[in-house]
Amino acid sequence: MRVRFAPSPTGHLHVGNARTALFNWLLARGQGGTFILRIEDTDVERSTRESEQAILDDLRWMGLQWDEGVEVGGDFGPYRQTERLQAYAEHAERLIAEGKGYFCFCSAETLDAQRKAQLAASQPPKYAGTCRNISTADAAARRAGGERAVIRLRVPEGREVAFTDVVRGLVTFNTEVIGDPVLVRSDGIPAYNFAVVIDDEQMKVTHVIRGEDHISNTPRQILLYEAFGYTPPAFAHLSLVMGPDHAPLSKRHGATSVREFREKGYLPEALVNYLALIGWSPGQNEELLPASELARRFRLENVAHSAGVFDEDKLAWANRHYLKLCDPARLAELAEPHLRTRKQIVGPLSAEARTWLAIVLPGMAASVDRLPQLADRLEAVFRTPEGTLENEPGLPEVAAALAQELQGGLRLLDKDTFRSLAGRVKDRTGLKGKGLFHPIRVVLTGAAEGPELDLIVPAIDRAADLRESGLAPVASCQERAEAAAHRLRT
RNA sequence: GUCCCCGUCGUCCAGAGGCCUAGGACGUGGCCCUUUCAAGGCUAAAACACGGGUUCGAAUCCCGUCGGGGACGCCA
């Protein structure tokens, strides 16, 4: 089994396309097949190397490594269409020689006008066949005279073209509704329908799994396979990914590209797992499974027929799950850029600071949706608790008690020392419960809300020890308590 | 307009003629846990688009209607 993902490098990888790539990958991995990555850059105007690189990066970020294709090579390359022009030219010549293709001299303007007229007359827009019967000799003469021409496929009239879609079953088209498609543009660059057929044939692709928007291209391609005498691969068309309003997911719905979700702080394994759940189910009422297990269970036949709405809430749920499973050192690494944008990290990180992050972050990640929210939780560490909540009941007493208790240089490096400190503050002030912990929070973190106190307090004291570590400077608990006590006295 | 595809809780899926009093998950509500916000646990409400058939029996098969989407490019 050989499958391929064939993006055109005209922008970032859309999550819908990412899902198509994923389904190809799952099938290949699950069945011991080969996953090929081919770049369809025949739209020279819009294709860029930057986009291509971005797509490659996103695919790799998701863990969808390809076995054959650009950058990794393989026996059936090249894997970029603009590098395969020779093969297309040979096939075009063959079609012309056999009379299965013909030159068309209609100008883009003429065609456009015809199309508009047909639409206005409630007719299906379809190429009129104007140049169908120009003789080979005439065509050659006109071309020799400098006239520009495209090559079109001569579509047989009144025929049924049918194929069995692996996800949908039998699909039938009548050639009456298909106009002769352009195979080669006037500049000699092949058009999509032509290039894919040759590529898939030469790359020995056995299963073409792509978006539903290609379903009506399939009969044209089958006609081409027939014209060349090639055996068509199996086709499978995946329904599209929609926005909440059931329109195709687009920028007005918010984030649409893999890159954006990555930047928003979603883990690749969460995105991959969630994407697999749109239009497919691993079964057994299980949803959160590693990619390898998804691949093991994946069957094209079980893919849903209808379009799915992208639900970011559910993505966030998956992300929470994987955040909890995330290795501490990796979590620290992933969080770093987000903490930098919040100025919580301001320089090159020392090894100690990395360790600190790896100790502190996992506890906070347990209650967070996405990476940047880790910075929210950490805010309590870096915030200087001044000028806040002067009127909080119990605040002066607690501040004084804390200052007293911490005077001996007591370090609050773990939950237990913090709790015993809280106990002594309770004895000194007679406060308890909310009335006790609330003021403690305000004195030490400068805010009435935040993550678990016994998580954050040790984090503060540990961070206070890390000068010149790359972390933004942090005042110790003792310094905070004394400053607060001083201020509240005056 | 024509052709193609699709139609189970708000959303994503399970369901391949009796196992359905339609199951799970996200989200929502409630309760519990808790020093706050979360997270977590438990729990509740919530759907077979509609109309005809076929059949002893239909969410499951057929037809129609309606609704949604796609395609109709010298874009892919």
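Computed from a prediction, not measured in an experiment: that's the story for all the values here. A, B, ... follow the sequence lines: proteins, then strands. Residue 1 opens every chain.
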Pick the [atom1] atom in [N] and in [M], then give their distance to the nearest Å.
| N | M | atom1 | result |
| --- | --- | --- | --- |
| G23(B) | G64(B) | P | 32 Å |
| A44(B) | G51(B) | C1' | 34 Å |
| A25(B) | U43(B) | P | 10 Å |
| A45(B) | C61(B) | P | 29 Å |
| G18(B) | U11(B) | C1' | 30 Å |
| C74(B) | A14(B) | C1' | 47 Å |

What is the separation between atom [atom1] on [X] and atom [atom2] on [N], rounded to the nearest whole Å?
| X | N | atom1 | atom2 | result |
| --- | --- | --- | --- | --- |
| Q123(A) | C72(B) | CD | P | 18 Å |
| K126(A) | U2(B) | NZ | P | 15 Å |
| L455(A) | G40(B) | CG | P | 16 Å |
| N273(A) | C13(B) | CG | P | 14 Å |

Establish whether the base of [N] is bridged to the side chain of [X] by a donor-acceptor pair shorter than 3.5 Å.
| X | N | value |
| --- | --- | --- |
| N285(A) | A25(B) | no |
| Q284(A) | G24(B) | no |
| E452(A) | C37(B) | yes |
| R168(A) | C4(B) | no |

Does the structure show a Watson-Crick or G-U wobble partner for [N], both distances under 3.5 Å? Name it, or say none.
| N | answer |
| --- | --- |
| C3(B) | G70(B) |
| U55(B) | none |
| U34(B) | none |

**Report entry** Ring centroid separation W280(A) to F298(A) under 6.0 Å
**Finding:**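 So the answer is yes for these two rings.
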Query - Result of checking K126(A), R132(A), R154(A), R152(A) against D180(A) for side chain to side chain donor-acceptor pair (under 3.5 Å) - result: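 Going through the options one by one, the only one that passes is R132(A).
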Report task. Please check the phosphate of U2(B) (OP1 and OP2 only) for any side-chain N or O of R115(A) closer than 4.0 Å. Result ->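 The answer is no; no side-chain N or O of R115(A) sits under 4.0 Å from OP1 or OP2.
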